[in-house]
Student: 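First, the structure itself, so that you have it in front of you.
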Protein chains: 2
Amino acid sequence: MKEIKSADAEVYIKRYELDKVFPEHFRPLMKVYQFKKGNVLFSAGEELEEIYILVDGKIKIFTLTPEGKSLINRFKRPLELIGDVEYVKRNTVFNSVEAVTDGVMLAASFADLANLEQDHPPFTRFLLETLARKFYTEAHTTNLNMLYPVEVRLASYLLSISSVSEGTIFHQEMHTSNLMELAEWLGTSYRHLNRVLKKMATDNIIERANGSIAIKDLEKLSILAKGNIYE
Amino acid sequence: MKEIKSADAEVYIKRYELDKVFPEHFRPLMKVYQFKKGNVLFSAGEELEEIYILVDGKIKIFTLTPEGKSLINRFKRPLELIGDVEYVKRNTVFNSVEAVTDGVMLAASFADLANLEQDHPPFTRFLLETLARKFYTEAHTTNLNMLYPVEVRLASYLLSISSVSEGTIFHQEMHTSNLMELAEWLGTSYRHLNRVLKKMATDNIIERANGSIAIKDLEKLSILAKGNIYE
DNA sequence: TTTTTGAAAGGACATATGTCCTAAGTAGTT
DNA sequence: AACTACTTAGGACATATGTCCTTTCAAAAA
């Protein structure tokens, strides 16, 4: 990750309405970093000294076992805080983070933030609200993962990226760019995702043509999803 | 849950060193509730108006699917906050809560707490630290559950409640009072827990005698747990 | 002591999902 | 066009875990 000294945090602070959180006098203390697709941004166990704010791009958060194999993860887009828990608990990094696309982060040092907290309550409040949202989302996703099989989760996911208007189904941007990533997103293996996709195709719920997935029967899909909404 | 007007929050505030969090002038606004084993304390979807602080007893936090069946849960002992996320996000209750033993909660209304936040930053900080800890623990447990089979988790659990001294193994208090509860704690079915226990007994790692579990081979257990520590 | 009840234990079977491999398709590069 | 690399697709098999039942057992109640 490379610091861009010429860049100004200002633009991003405006864009994401962070001006109440970071007062004028604090902004010169903030840095702007740029990262490239594929960069390993943080590794579990590392010592952190700054909080990072994802303001552009997409990242992947995952856990590696000591045995090196399995992983669990989420994809994150702006606005997302990295290192908030580490800042509050003064822990080492818990999850590893990798860049899925090019992107930009703002950063502020733990020390500066601790000072900021002394005379600027909105920042503490911001942290609190961020964490509450994270906790809620995390719990929601975990429950979904543990309570329902991949088929249901996939159905929910497809519903979440589709919207219907005048009988036509529009696909919003997929959170994932290919099936492997989709498998990771759903927390399953690529092989299994394929199996489930095949079943849905056989049941005439979706149709697969050259790598893309088209919804054929929205109603059946809704029934499958059991009213769950992903994210 | 029954309010005990005669009771005083003071004792508990002392015991858990909450005096910096709740200043003198705020304490008269706090209530003391008593609950009985088996009471359903909160149900998912309910509207909350107070934050609750578990100061005595054991509770169970779980999720029910609309289909009524499966559940996921954790057991909690003091000191634990209930309703913190709900307070910050103004959501309805996310998980249901049930009393496992008799116990006591302190409570303070959202409205009073919002006022407190205005002129008493330590409370916001307390919320933040609590949430960070919760988030961390939650993530840790989730990872453990998703990455390792029940056998490993059970091994970790047994290790976590055992301590060795001069060649003798001491069992600390189990978090659970019977095998069904242990199965819930581990997030598996009772049947499966039994299967795994049997395997461990066959492998001479543990020994089962009239309902209790004794560790026979600590080393094998440690290898099985792969260095993971539960909670 | 007999009866009842709930916990403990496990057999039989089904299902979700993972791992390992192979093959076919597609796009980019030489 | 030939080659390479990556994605898609799926066969074969193993494993973790769930569901449903039955039996055993021990403690509590009659």
Student: Taking salt bridge (Lys or Arg N to Asp or Glu O under 4.0 Å) as the cut-off, I'd like each qualifying pair that reaches into residues 38-54 of chain A, sequence neighbours left out, listed once.
Tutor: A:Lys31-A:Glu50

Student: To the nearest Å, how far apart are A:Asn178 CG and D:dC6 P?
Tutor: 13 Å

Student: Quickly work out the A:His192 NE2 to C:dC20 P distance and round it to whole Å.
Tutor: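 Atom NE2 in A:His192 sits about 17 Å away from atom P in C:dC20.
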
Student: Can you name the side-chain hydrogen bond (donor to acceptor under 3.5 Å, both in side chains) partners of B:Asn143, sequence neighbours left out?
Tutor: A:Thr63

Student: Students often get this wrong, so: under 4.0 angstrom with heavy atoms, is B:Ser189 touching a base, only sugar-phosphate, or nothing?
Tutor: base

Student: Suppose we screen for side chain to side chain contact (heavy atoms under 4.5 Å, CB included). Which residues come up paired with B:Ala139, at least two apart in sequence or across chains?
Tutor: A:Phe94

Student: To the side chain of A:Thr188, which of C:dT17, C:dG18, C:dA12 is closest?
Tutor: C:dG18

Student: Rounded to whole Å, please give me the gap between CE in B:Met146 and C1' in D:dT17.
Tutor: 14 Å

Student: Check DNA chain C against residues 193-207 of chain A and give the residues with a non-hydrogen atom under 4.0 Å, in numerical order.
Tutor: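 Going residue by residue through residues 193-207 of chain A, the ones with a heavy atom under 4.0 Å of DNA chain C turn out to be A:Arg195.
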
Student: Rounded to the nearest Å, what distance is computed from the CD1 atom of residue A:Ile213 to the C1' atom of nucleotide D:dA9?
Tutor: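 Going from A:Ile213 (CD1) to D:dA9 (C1'), I get 13 Å.
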
Student: Could you note down all residue pairs passing salt bridge (Lys or Arg N to Asp or Glu O under 4.0 Å) where residues 192-202 of chain B supplies at least one of them, sequence neighbours left out?
Tutor: B:Glu151-B:Lys199, B:Lys199-B:Asp203

Student: Parallel under 30°, tilted from 30 to 60°, perpendicular over 60°: which one fits the rings of B:Tyr33 and B:Tyr52?
Tutor: tilted

Student: Would you kindly give the CZ-to-C1' distance between B:Arg208 and C:dA7, to the nearest whole Å?
Tutor: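 Nearest whole value for this atom pair: 12 Å.
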
Student: Is A:Glu181 paired with A:Lys58 through a side-chain N to carboxylate O contact shorter than 4.0 Å?
Tutor: yes

Student: Any salt bridge (Lys or Arg N to Asp or Glu O under 4.0 Å) pairs touching residues 85-106 of chain B, not counting sequence neighbours?
Tutor: B:Lys36-B:Asp102

Student: Please state how far atom CG in B:Leu182 lies from atom P in C:dA8, giving the value in whole angstrom units.
Tutor: 10 Å

Student: What is the separation between atom CE on B:Met180 and atom C1' on C:dT5, rounded to the nearest whole Å?
Tutor: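 Distance check: B:Met180 CE to C:dT5 C1' gives 12 Å.
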
Student: Round to a whole Å and report the spacing from CG of A:Leu147 to C1' of D:dG18.
Tutor: 14 Å

Student: Among the candidates D:dT17, C:dA8, D:dT8, find the nucleotide nearest to the side-chain atoms of B:Leu179.
Tutor: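 Of D:dT17, C:dA8, D:dT8, C:dA8 is nearest to the side chain of B:Leu179.
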
